[in-house]
Amino acid sequence: MKRFCLYLPLLLLIPFLTKAAPGDVHIAIETRQTALVIRVDKEQTPTIVHLGPKLRNAAEYASIPGNGKRGEDYTGIYNSAYTPAGSRNLLEPAIQVTHADGNPSLDLRYVRHETQNASDGVVLTKVYLKDPQYPFEVTLYYKAYQNEDVIEQWSSIRHTEKKAIVLQKYASANLYIPAQNYYLTHFHGDWANEMNPSEIPLTEGIKILDSKLGTRADLFQPPSFLVSLNQPADEDKGEVIAGTLAWSGNYQLAFEVDPLHNLRIIPGINPYASAYTLAPNTEFTTPAFLFTYSQQGTGGASRSLHRWARKHRIPQGQGNRLTLLNNWEATYFDFNEEKLSTLIKDGKKLGVDLFLLDDGWFGNKYPRNDDHTSLGDWQENAKKLPHGLGYLVKEAESAGIKFGIWLEPEMVSPKSELYEKHPDWVIKLPNRQEYYFRNQLVLDLSNPKVQDFVYEVVNGIMTKNPTLSYIKWDCNAVIYNAYSATNPNQSNLFVDYVQGLYKVVERLRTKYPTLPMMLCSGGGGRVDYGALRYFTEYWPSDNTDGLERVFIQWNYSYFFPSIASCNHVTDWGKQSIKFRTDVAMMGKIGYDIVVSKLTEPELQFSQQALKDYERIKPVIWQGDQFRLASPYTNDIASVLYVSEAKDKAMWFTYLVKNRYKAGSLAPIKLKGLDPDKNYTIQELNVYPGTKSAVNTSTATYSGNYLMTIGFNPQVSTRRESVVLEVNVVK
Ligand code: GLA
């Protein structure tokens, strides 16, 4: 009773929202299936009242209760559309500011909103907010991709205060979701061990995923996650939100279950060591947060993100890719023109489109013969390549393939001419001992002169070798001892670094719009949709063991489409070349092997596989992906790609456990086919000298049968990987 008396007067003062009042404004951000609804009350406070399936009648959004139910909200803004810190907020803020006069509070009230068609099938809504006491404004942007069911959200911040202000926190988005239970799947790992999933129930309080590595969002924890509502994530059923932050540097994803047991998701740049000084009349734009809401489990969420990425984000996402032979594992740093010319010819013999020259081709005062020197000195090493890159480009062209190179332009070796000439271009603390990641340091991309240098590294090589056809852009170090010799605001450095990087690649993309570029970072240290705006493909991991890759590629596939996944056949692991080739085909295939060491059947198998790949790659790259059997819960892993017209499918199944009798003991049900059409099933990648257990039959099956009863690819310890081509009977 005493408690009640204490709280009652307080409660009466609080303008909490239980339902809409007359005159409230509702802003519905809708895709084909999803709606995010913002309510603005008479105090002009914007709150989220719905994130989920779209209603048929938009007028009914006004009937949705505030805060998704379950009791009182002391502040009225637990469900704020962008929670400001320092006024009445009690929970994790989206934005926190110290004004020019030192005042640490912010209040954001709705001013107006506008909606426009940004492009075909893309609707952009802008919600303008303002602090009533300060000339400080925030605009919330929501891009709704109608057909792909993806929403891209970001914010921009500007002010006209008398002096600079400090942004302590500046999130990209602020979502609010009511459900009974929340299950978060996040991913973690390290070099050669990327993307391990963990699913945990979220309980009251905050779970943070983040990166403080500076140059990389990935490596330890990628900025991508799944939240399953009410029940643990299922591939086909249930409500799932798949989210990912488009930012290649320090990020923070906060998941807070609030006192009303509703989930708040606040993704953005990591506020760690990044209080950002913002001058008057300048605009700060946050990176975009991308999410999709699915009622068809994780499978539905992934297919939406894949479609979106191919159509709207990744350069040439609906175009072609080049198969390639890379020399890294064949030679490491030990090569010369003669060796490379032989490898180039071997690439042609194998049947790839391009030869990729990896690390080790540059540096003269300090030749790049191991990973301790030369980064920054991007001139051909005269001993290894006396006739320069141009000679190799020609060698490749006369052999009938294209030529590409490896670069790591953001980096500098302590032993390099670049470091000797420009010590002030290097990120390091003047009064601390240098500390290295892979024996190297990071260039200060917040410095415009360094940006110009990095741009010129690539532009110079391209100008000299206009037919050079591929860049593998690596980034092998994180930022230690963060300090810039030129940036006036040290705590802007982490943010300015990534923005500087994007400025450089943006300039390069403008000049070379169709140049294929691989995003690599000591394996999969940098796989995010911020960088994938500029890069055509990414390197998931240096771990190319066929079995390991089944798992690694499985997990990336929650967020990224197969066309962007560079999968190379190498000598890692114990699996047969057939197994490794089959796994590599589930994306963009490449090779990192010594072709001349292949046995005759291995070579014959690989040549045929590449020929078949040419025919089937459109289905793998552009089709809908169905993860049929998970390697985490089965003896096998099974993945299917179905063409949009449902007339063709490519089906990959692997043995992932070695127990007695392990294999596909029962038929596997296919998905995504047309139930009314009939299909044939043929095995591909049959190793020379072996017989297919499938190709003996000429049977046809209806889509209905294949999706209800299924088909057994007969994977066993004697058939560890099976590729099946499913074709409609015309
Ligand atoms: C990184 C990459 C590798 C290779 C080496 C070269 O580790 O992930 O593929 O390019 O650098 O040094």
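Just follow the structure's listing: the first ligand is 1, and inside any ligand the first atom is 1.
Under the 4.0 Å criterion applied to side-chain N and carboxylate O atoms, Glu417 and Lys365 are not assigned as salt-bridge partners. Checked for salt-bridge contact, Asp334 and Lys339 meet the test: a charged N lies under 4.0 Å from a carboxylate O.
For ligand 1, the polar-atom distance check against Ser521 finds no nitrogen or oxygen pair separated by under 3.5 Å. The distance criterion of under 3.5 Å between nitrogen or oxygen atoms is met by Asp542 with respect to ligand 1. For ligand 1, the polar-atom distance check finds no N/O of Cys520 at less than 3.5 Å from any of the ligand's N/O atoms.
Within the 4.0 Å heavy-atom criterion, the part of Asn476 lying near ligand 1 is the side chain and not the backbone. Of all the heavy atoms of Arg438, the ones lying under 4.0 Å from any atom of ligand 1 belong exclusively to the side chain.
Scanning the protein for heavy atoms near atom 9 (O) of ligand 1, the closest one is Lys472 NZ, 2.8 Å. The nearest heavy-atom contact from the protein to atom 2 (C) of ligand 1 is Asp474 OD2, 3.1 Å. Looking only at protein heavy atoms, the nearest one to atom 12 (O) of ligand 1 is Asp359 OD2, 2.6 Å.
Considering all non-hydrogen atoms of both residues, Ala609 and Thr581 come closest at CB-CG2, 3.9 Å.
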Using residues 214-222 as the side-chain source, report each donor-acceptor pair under 3.5 Å to any protein atom, sequence neighbours left out, with the distance given to one decimal.
from: Thr215; atom 1: OG1; to: Ala477; atom 2: O; distance (Å): 2.6
from: Arg216; atom 1: NE; to: Cys475; atom 2: O; distance (Å): 3.4
from: Arg216; atom 1: NE; to: Ser521; atom 2: OG; distance (Å): 2.7
from: Arg216; atom 1: NH2; to: Cys475; atom 2: O; distance (Å): 2.9
from: Arg216; atom 1: NH2; to: Ser521; atom 2: O; distance (Å): 3.2
from: Arg216; atom 1: NH2; to: Ser521; atom 2: OG; distance (Å): 3.4
from: Gln221; atom 1: NE2; to: Asp210; atom 2: O; distance (Å): 3.1

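Against a heavy-atom cut-off of under 4.0 Å, Asp358 is close to the following atoms of ligand 1: 4 (C), 6 (C), 10 (O). Contact atoms of ligand 1 toward Trp539: 8 (O), 9 (O) (distance under 4.0 Å to a heavy atom of the residue). Every atom of ligand 1 with a heavy atom of Gly522 under 4.0 Å away is listed here by number and element: 1 (C), 7 (O), 8 (O). Proximity to Gly523 (heavy-atom distance under 4.0 Å) selects the following atoms of ligand 1: 8 (O).
Ring geometry for His186 against His188 counts as tilted: the plane angle lies between 30° and 60°, on a 0 to 90° scale.
For Phe333 and Trp361, the gap between ring centers reaches or exceeds 6.0 Å. Close placement of the Phe559 and Phe187 rings is indicated, their centers lying within 6.0 Å of each other. No close placement of the Trp554 and Tyr654 rings is indicated, their centers lying 6.0 Å or farther apart.
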